[in-house]
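For reference, the structure is listed below as structure tokens.
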Amino acid sequence: MRRTTRRGTTALEFALILPTFILLLMSMMDFGWLFFQRATLDMAATSGCRQATLIDPGIADSEMSLVREAAYTGMADALFNAGGGDCAEETCYVDLIPYGEPPGRSMICVIGKEFEPLIGMVVSPMTLESSIAVRMEWQRWPE
């Protein structure tokens with residue numbers, strides 16, 4: 001039985017597979033970071049909008065600014081506490097859209113944030129956005 005020499009074959013195979021493995025690893029990290037950021041935005045929208053719906057908008061929406069402030073504060077705090085980063089004015093926006101009439105009055109909360117990938121080799125920077133519709137707890141009948 002004769003043995004053939006295979007010197008260097010393993011090193012050559014490793015050198016050929018390594019770039020593919022590194023690209024796969026980097027793409028998994030980038031997409032994992034993207035999905036984490038998206039999940040924190042969803043959670044922040046849900047939490048902040050829920051806090052805002054508990055505030056009385058007043059007669060004829062006279063206190064709607066308090067509702068908007070509660071939504072922004074709730075979303076920004078939830079985003080920061082979940083590890084999604086700070087919701088600064090230049091990188092993050094919050095929008096509140098009330099719709100409907102009592103007793104079916106609801107509110108749509110939208111939060112958007114600039115996304116920066118970890119590596120940037122596979123995913124490019126973009127704006128992520130999450131929205132949710134929540135029924136308002138305070139329902140005043142029109143007078």
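Residue numbers count from 1 along this sequence. Please read these numbers as outputs of a predicted model, since none were measured by experiment.
- Cluster annotation: Phe80 is not connected to Leu41 through the hydrophobic network of ILVMFWY side chains, with a link wherever side-chain heavy atoms come within less than 4.5 Å.
- In this structure, Met126 is a member of the same hydrophobic cluster as Phe35, with clusters built from ILVMFWY side-chain heavy atoms closer than 4.5 Å.
- Side-chain contact between Pro117 and Pro125: present, with at least one pair of heavy atoms (C-beta onward) separated by less than 4.5 Å.
- Without hydrogens or angle criteria, Thr40 side chain to Gln37 main chain gives a donor-acceptor distance under 3.5 Å.
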Residues Phe115, Thr127; criterion side chain to side chain contact (heavy atoms under 4.5 Å, CB included); working and verdict: CA-CA 6 Å; Phe115 169 73; Thr127 301; over 6 Å; no
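- Closest approach of Gln51 and Gly74 over heavy atoms only: OE1-CA, 3.3 Å.
- In terms of modelled atom types and a separation under 3.5 Å, the side chain of Ser47 and the main chain of Met43 share no donor-acceptor contact.
- Using a 4.5 Å heavy-atom cutoff, the side chains of Lys113 and Cys87 are not in contact.
- To the nearest 0.5 Å, atom CD1 of residue Ile22 and atom CD1 of residue Ile17 are 12.0 Å apart.
- Annotation for Met29 and Leu118: closest pair O-CD1, 4.0 Å, computed over non-hydrogen atoms.
- For the pair Trp33/Asp30, no side-chain contact is recorded, criterion being any heavy-atom separation below 4.5 Å from C-beta on.
- Heavy-atom contacts from other residues, nucleotides or ligands closer than 6.0 Å to CZ of Phe36 number more than 12.
- Met26 CE to Leu24 CG: the interatomic distance, rounded to the nearest 0.5 Å, is 11.0 Å.
- With rounding to the nearest 0.5 angstrom, the CD atom of Glu129 is 8.5 Å from the CG atom of Asp95.
- When side chains are defined from C-beta on, Ile108 does not count as touching Ile132, because their heavy atoms never get closer than 4.5 Å.
- Side-chain N or O atoms of Arg135 include none that pairs as donor or acceptor with a backbone N or O of Thr53 at under 3.5 Å.
- For Glu137 and Arg50, the salt-bridge test passes: some basic side-chain N is under 4.0 Å from an acidic carboxylate O.
- Here the shortest heavy-atom pairing between Val123 and Phe31 reads CG2-CE2, 3.8 Å.
- In plain terms, the two heavy atoms of Pro98 and Met64 that are nearest each other are CG-CE, 3.7 Å.
- Put simply, the side chain of Cys109 does not reach to within 4.5 Å of the side chain of Val134, judged on heavy atoms.
- Formation of a donor-acceptor pair under 3.5 Å by the Arg68 side chain with backbone atoms of Leu96 is found in this model.
- Within the 4.5 Å cutoff, the side chain of Glu63 has no heavy atoms near those of the Asp56 side chain.
- Considering every non-hydrogen atom in both Tyr99 and Ala133, the closest pair reads OH-CB, 3.9 Å.
- Side-chain contact check for Ile111 versus Leu128: every heavy-atom pair is 4.5 Å or farther apart.
- Leu23 is connected to Leu34 through a chain of hydrophobic side-chain contacts under 4.5 Å among Ile, Leu, Val, Met, Phe, Trp and Tyr, so both are in one cluster.
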Trace of the side chain to side chain contact (heavy atoms under 4.5 Å, CB included) decision for Met107 with Val67: CA-CA 10 Å; Met107 188 169 30; Val67 175; 3.8 Å; yes
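- For the atom pair SG (Cys92) and CD (Glu114), the distance works out to 9.5 Å, reported to the nearest 0.5 Å.
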